[in-house]
Visitor: 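The structure follows.
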Amino acid sequence: MSAAKEGLVIFTANSNPSSRELGRRIAERLGVELGKVQVYQEANRETRVQIEESVRSEDVFIIQTVSKDVNTTIMELLIMVYACRTSCARNIIGVIPYFPYSKQCKMRKRGSIVSKLLASMMCKAGLTHLITMDLHQKEIQGFFNIPVDNLRASPFLLQYIQEEIPDYRNAVIVAKSPASAKRAQSFAERLRLGIAVIHGEAQDAESDLVDGRHSPPAVKNIGAIHPSLEIPLLIPKEKPPITVVGDVGGRIAIIVDDIIDDVDSFLAAAETLKERGAYKIFVMATHGILSSDAPRLIEESAIDEVVVTNTIPHEIQKLQCPKIKTVDISMILSEAIHRIHNGESMSYLFRNIGMDD
C-alpha cells in the first residue's frame, strides 16, 4: 500500500471509521493509497499510534477530521505528528479542515485563548505546515509560527445554490446577526443578490458581555487612583427587539455562516424570516458540527434545508434529519496537497478572494 507518487505519504489519524472517509476521497483523487498506520485506544484510554511504513525524507500529510470526542482527536493528531517527526519525515503537513477550539480564540473574563495553546502544541509536536478551511476568525493564522493555508468552502456552497436551488435568483442572502454580515455580503455580491441582516437576536456565544470588558464589575463607589478622578462607567448594553434589515417577503432566504452547532439561533432566525414572508429557508455553513439534538430540532423547524460540507463527519445526523445535505470539498484539499508536495503556487486556490473575504 505504498504511495503512487514518490515522496508523498498520506495518513488519516482518526481512529473513527466514519471520519476516515474524507481521507479516502482525497487519496483517491491524488491516485495514491492511504499509508499504513494503526491508531487505537488502550484499555486505560491512552492513545496509541503505530506507523507501519517508512516515512524517512518523505512529505507526510496527516488528514484529521474532528469526531465527537474532540480531545481524543487532538491527541491522535499530536502523537502521529510527533511519531513522524521522530521517524525523520522531511515535512509534516496537517490537513485539518475544521480547526478545533476555534471559537475559543478570544480572551473571555478569566478564561484562556485555547486556539493559541492548540497552535503551540501542534508546532511543538513537529507540524511544519497546516491546511485548514474557513477558520472561525482569520486571526487564528497568527497563532502559528508555520505556514497556514486557510482554504475557502464558499465556491462549493455557491455552486450548490446555483445548481440545486432552481429559483435562486429570487433569493436573498441573510446574516443571522450583524457579526456574520461580511460573509453574507460576500455571498450576495458573487450571486448578484440582495442581503438582509437580522438584528436584536441574543448572541450568547459571541457576546461582549463575556469577553472580559465587564471584569471586574464596575462599581461606582470604589475610590479612584486619584481622589480628583472618577472613571466614567460604561453604559450597559440592551438588546433591541428582533428586526430584519432588508426585504425578505416572497423571497427565498439563504442564511450563511461558517459553523452550525447549537442551532437555537438558526431556528429563531428561521421563525423571524417566516414571519416576514420568506417562503423557503436554507442554511449554508462550512462546518456542520450539529451537536446534541440539533438534527431533531432542524427536522421540526421552519428550515427547509441545511447544507454543510464534509469537513466534519455527520452521517448519523443525516440519518436523523433528511433536511441535512452534504457538499464534498475533497477536491480543493487534494489540489492543495498536490501543489504543496510539488512546490507549486497556492494562489490558484485563492483567486478572486479579497482581503476582506
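By convention here, the first residue in the shown sequence is residue 1.
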Visitor: So, T286 and D258: side-chain donor and acceptor under 3.5 Å apart, yes or no?
Guide: no
Visitor: Would you call E299 and K323 a side-chain contact if the rule is heavy atoms closer than 4.5 Å?
Guide: yes
Visitor: Quick check on side-chain contact (heavy atoms from CB on, under 4.5 Å): which of I146, I340, N91 does H129 satisfy it with?
Guide: I340
Visitor: Hey, is CE on M331 packed in by over 12 heavy atoms from elsewhere, all under 6.0 Å?
Guide: no
Visitor: Is the shortest side-chain heavy-atom distance between L77 and I62 below 4.5 Å?
Guide: yes
Visitor: Is the number of heavy atoms from other residues, nucleotides or ligands under 6.0 Å of Q41 CD greater than 12?
Guide: yes
Visitor: Please examine the side chains of M122 and I96, heavy atoms only from C-beta on, and report whether any two atoms are closer than 4.5 Å.
Guide: yes
Visitor: Closest heavy-atom contact between R169 and R192?
Guide: NH1-CB, 4.1 Å
Visitor: Hey, could you give me the CG/CG distance between L267 and L297, rounded to the nearest 0.5 Å?
Guide: 6.0 Å
Visitor: Is the backbone N or O of H287 less than 3.5 Å from a side-chain atom of D261, with the two atoms forming a donor-acceptor pair by type?
Guide: no
Visitor: Taking all atoms of both residues into account, what is the closest heavy-atom pair of G7 and E58, and its distance?
Guide: CA-OE1, 2.6 Å
Visitor: Only one of I93, N150, I63 forms a side-chain contact (heavy atoms from CB on, under 4.5 Å) with I131, so which one is it?
Guide: I93
Visitor: Using side-chain heavy atoms (C-beta onward) and a distance below 4.5 Å, is L34 in contact with R20?
Guide: yes
Visitor: Please answer: with hydrophobic residues joined when any side-chain heavy atoms are less than 4.5 Å apart, are I281 and I195 in the same cluster?
Guide: no
Visitor: When the ring centroid of F144 is compared with that of F99, is the distance short of 6.0 Å?
Guide: yes
Visitor: Is there side-chain contact between Y160 and E305, with at least one heavy-atom pair below 4.5 Å?
Guide: yes
Visitor: Does R25 reach the main-chain N or O of I329 with its side chain, forming a donor-acceptor pair under 3.5 Å?
Guide: no
Visitor: Before you tell me yes or no, could you show the steps for F143 and L118 under side-chain contact (heavy atoms from CB on, under 4.5 Å), namely the whole-Å CA-CA distance, both residues' side-chain angles and the distance that decides it to 0.1 Å?
Guide: CA-CA 9 Å; F143 295 162; L118 189 53; over 6 Å; no
Visitor: List the atom of A270, the atom of I303, and the distance in Å for their closest heavy-atom pair.
Guide: CB-CG1, 3.7 Å
Visitor: Given side-chain contact (heavy atoms from CB on, under 4.5 Å), test S330 with L22 step by step and report yes or no.
Guide: CA-CA 7 Å; S330 61; L22 181 61; 3.9 Å; yes
Visitor: Under the criterion salt bridge (Lys or Arg N to Asp or Glu O under 4.0 Å), I'd like the reasoning laid out for D149 against R339: C-alpha separation, chi angles, the key distance, then a yes or no.
Guide: CA-CA 12 Å; D149 288 309; R339 288 176 174 271; over 6 Å; no
Visitor: Would a distance-only check, ignoring hydrogens and angles, find a side-chain to backbone donor-acceptor pair under 3.5 Å from H136 to Q104?
Guide: no
Visitor: Would you say L319 ends up clustered with I312 if hydrophobic residues are merged whenever their side chains have heavy atoms under 4.5 Å apart, either directly or through other cluster members?
Guide: no
Visitor: What distance do M133 atom CE and F156 atom CZ have between them, rounded to the nearest 0.5 Å?
Guide: 6.5 Å
Visitor: Has N342 got a side-chain atom pairing as donor or acceptor with E344's backbone, closer than 3.5 angstrom?
Guide: no
Visitor: Count the heavy atoms of every other residue, nucleotide or ligand shown that sit under 6.0 Å from CG of D167, and state whether that count exceeds 12.
Guide: yes
Visitor: Looking only at heavy atoms, what is the nearest atom pair of A171 and R251, with distance?
Guide: O-NH2, 3.5 Å
Visitor: Is there a donor-acceptor contact under 3.5 Å linking the side chains of Q38 and E52?
Guide: yes
Visitor: Could you tell me the separation between the CG atom of L30 and the CD atom of E335, rounded to the nearest 0.5 Å?
Guide: 8.5 Å
Visitor: Check V197, I198, I254, V283 against V174 for a side-chain contact (heavy atoms from CB on, under 4.5 Å) and give me the one that passes.
Guide: I198
Visitor: Would you say S115's side chain and Y101's backbone share a donor-acceptor pair under 3.5 angstrom?
Guide: yes
Visitor: Roughly how far, to the nearest 0.5 Å, is the NE2 atom of H314 from the OG atom of S291?
Guide: 13.0 Å
Visitor: Side chains of V306 and F266: closer than 4.5 Å at any heavy-atom pair?
Guide: no
Visitor: Once rounded to the nearest 0.5 Å, what's the spacing between atom CG of N170 and atom CD1 of I252?
Guide: 6.0 Å
Visitor: For E21, is there an ion pair with R24 - N to carboxylate O distance below 4.0 angstrom?
Guide: yes
Visitor: Can you hop from Y40 to V37 via hydrophobic side chains spaced under 4.5 Å?
Guide: no
Visitor: Restricting to non-hydrogen atoms, name the atom on P97 and the atom on T132 that form the minimum distance, rounded to 0.1 Å.
Guide: O-OG1, 3.4 Å
Visitor: If we only count heavy atoms from C-beta on, is the F61 to I26 side-chain gap below 4.5 Å?
Guide: no
Visitor: Is the OH atom of Y168 crowded by more than 12 outside heavy atoms at less than 6.0 Å?
Guide: yes
Visitor: Look at the side-chain heavy atoms of Ile, Leu, Val, Met, Phe, Trp and Tyr, link any pair under 4.5 Å apart, and say whether L273 and V245 land in one connected group.
Guide: no
Visitor: Does Q50 CD have over 12 foreign heavy atoms under 6.0 Å away?
Guide: no
Visitor: Between T72 and S67, does a side-chain contact (heavy atoms from CB on, under 4.5 Å) hold up when you go through it step by step?
Guide: CA-CA 8 Å; T72 299; S67 63; 5.8 Å; no
Visitor: Under 6.0 Å from the ring centre and within 45 degrees of the ring axis: does the NZ or CZ of R183 meet both conditions for the six-membered ring of F187?
Guide: no
Visitor: In plain terms, say whether R48 and E42 are close enough for a salt bridge, that is, a side-chain N and a carboxylate O under 4.0 Å apart.
Guide: yes
Visitor: Start with the C-alpha distance between E53 and F11, add both sets of side-chain angles, then the distance that settles side-chain contact (heavy atoms from CB on, under 4.5 Å), and finish with yes or no.
Guide: CA-CA 11 Å; E53 64 181 79; F11 290 125; 4.2 Å; yes
Visitor: Is it true that atom CD1 of I316 has more than 12 heavy atoms of other residues, nucleotides or ligands lying nearer than 6.0 Å?
Guide: no
Visitor: State whether a side-chain donor-acceptor pair under 3.5 Å links T12 with Q64.
Guide: no
Visitor: So if you build clusters from Ile, Leu, Val, Met, Phe, Trp, Tyr with side-chain heavy-atom gaps below 4.5 Å, do Y82 and L127 land together?
Guide: no
Visitor: Using atom types as modelled and distance alone, determine if a side-chain donor or acceptor of S301 lies under 3.5 Å from a backbone N or O of I298.
Guide: yes
Visitor: Regarding S186 and R190, do their side chains bring together a donor and an acceptor under 3.5 Å, going by distance alone?
Guide: yes
Visitor: Between R45 and D69, is the closest basic N to carboxylate O distance under 4.0 Å?
Guide: yes
Visitor: Looking at CD1 of I140 and CG of L130, how far apart are the two atoms once the value is rounded to the nearest 0.5 Å?
Guide: 10.5 Å
Visitor: Would you name the heavy atoms of Q137 and C105 that are closest together and state the gap between them?
Guide: CG-SG, 3.4 Å
Visitor: If you define the side chain from C-beta out and look only at heavy atoms, does anything of L151 sit under 4.5 Å from F350?
Guide: yes
Visitor: Below 4.0 angstrom, N of the basic side chain to O of the carboxylate: do R90 and D59 qualify?
Guide: yes
